[in-house]
Amino acid sequence: MRVLLVEDHERLGESLVEALNAALFTVDWVRSLENAAAFADLNPYDVVLLDLGLPDGDGLDLIRTWRASGRSTPVLVLTARGELNDRVRGLDDGADDYLVKPFELREMISRCRALLRRPGDMAPAVLRMGELEVDITTGAATFRGIPLALNRREQQLLLALVRRPGKVCSRAYLEGVLYDHAADPTLNALEVSVSRLRSALRASGLHDAIRTVRGVGYVFAGAAPHATY
Ligand code: CA
């Protein structure tokens with residue numbers, strides 16, 4: 001999952017990036033409203049973490065602009081204590097949730113995950129597709145209870161696909177999940193990761209789980225095991 005972090009406080013920003021990375025999120029960190037707007041226009045984000053007091057203006061103005069233009073990316077507002085009115089206004093203006101500084105990093109991660117939850121998910125810690133289970137907090141996956149050998153990118157990729165079962169994930173979206181703005185992946189880096197993930201799934205008995213949609217992207221087609229006798 002890819003996060004846009006908008007925070008001008010260096011130390012806080014650093015610790016947020018570190019915590020998000022540890023939780024398998026890919027993060028782009030910007031420090032101004034101007035850059036936040038530019039990055040959001042260029043990249044598909046799953047969640048935006050938005051500080052309100054920024055050097056070039058008020059984060060709420062950005063939310064208003066986004067909502068007015070139909071951008072529905074979930075926004076988690078990070079706000080200073082004592083800005084109660086701002087917080088309330090933030091939610092009125094289209095923010096999805098807020099955290100009051102200082103906050104626990106674990107709390108921030110769990111709020112982010114809550115915003116990513118599929119509608120109707122009651123047990124968000126583990127995504128289940130048939131006998132495939134993916135732990136969204138660690139990225140660890142099992143099929144029929146047996147762990148799959150996946151590296152970090154393969155875990156991120158599987159999570160992104162399993163969150164949208166049956167729906168096509170575009171190449172651009174998946175590349176955004178795997179690589180932050182500073183990364184410079186090779187042209188076929190995504191294919192390599194998909195290929196490795198497919199191998200790991202096959203090795204555990206899950207065949208044809210990821211389908212290629214030519215020229216568009218990939219879709220998680222299902223977690224039915226290949227018939228074995
Ligand atoms: Ca600030």
Side-chain angles (χ1 to χ4, degrees), residues 1-117 124 136-139 152 156 159-160 163 172-173 175-185:
M1 300 289 105
R2 189 164 180 180
V3 174
L4 178 62
L5 170 64
V6 190
E7 172 61 66
D8 62 320
H9 190 291
E10 285 295 320
R11 279 237 315 275
L12 177 58
E14 281 166 15
S15 60
L16 290 173
V17 169
E18 194 178 320
L20 287 161
N21 282 335
L24 293 178
F25 290 94
T26 296
V27 186
D28 288 329
W29 175 18
V30 296
R31 296 153 177 84
S32 68
L33 281 184
E34 186 185 359
N35 283 339
F39 271 64
D41 284 344
L42 285 174
N43 306 293
Y45 292 103
D46 298 292
V47 176
V48 177
L49 266 64
L50 180 65
D51 177 34
L52 294 186
L54 291 162
D56 56 345
D58 185 342
L60 291 175
D61 291 334
L62 189 61
I63 299 179
R64 280 189 211 106
T65 307
W66 281 346
R67 295 304 184 240
S69 67
R71 193 189 298 270
S72 60
T73 312
V75 176
L76 174 58
V77 163
L78 312 174
T79 183
R81 199 172 286 281
E83 290 181 327
L84 182 66
N85 290 337
D86 283 349
R87 283 155 48 193
V88 174
R89 275 202 292 137
L91 293 172
D92 285 347
D93 287 335
D96 297 273
D97 198 2
Y98 63 83
L99 271 174
V100 179
K101 298 175 185 177
F103 48 79
E104 295 281 332
L105 292 173
R106 274 188 311 184
E107 174 74 5
M108 180 272 297
I109 295 290
S110 71
R111 299 288 188 96
C112 284
R113 290 205 177 105
L115 293 175
L116 290 168
R117 222 169 273 170
I136 68 165
T137 62
T138 63
R152 177 189 167 88
Q156 290 177 311
L159 263 176
R163 280 180 194 278
Y173 175 75
E175 283 172 351
V177 166
L178 297 188
Y179 305 103
D180 63 28
H181 182 70
D184 189 17

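Every number for a ligand or one of its atoms is a count from 1 in the order of the listing. Since the structure is predicted, the reported quantities are computational estimates derived from the model, not experimental observations.
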A.B. asks: Test: ring-ring contact (aromatic ring centres under 6.0 Å, His included). Region: residues 23-60. Which pairs qualify, not counting sequence neighbours?
C.D. replies: Phe39-His181
A.B. asks: Could you verify whether a donor N or O on one side chain and an acceptor N or O on the other, from Tyr173 and Asp46, lie under 3.5 Å apart?
C.D. replies: yes
A.B. asks: Is Asp58 salt-bridged to Arg64, going by a charged N under 4.0 Å from an acidic O?
C.D. replies: no
A.B. asks: Could you tell me which N, O or S atom of Asp8 is nearest to the Ca ion (ligand 1)?
C.D. replies: OD1
A.B. asks: Is the distance from the Ca ion (ligand 1) to some N, O or S atom of Asp51 under 3.0 Å?
C.D. replies: yes
A.B. asks: Checking only N/O/S atoms, does Gly53 have one that is under 3.0 Å from the Ca ion (ligand 1)?
C.D. replies: yes
A.B. asks: Suppose we screen for side-chain contact (heavy atoms from CB on, under 4.5 Å). Which residues come up paired with Ala22, at least two apart in sequence or across chains?
C.D. replies: none
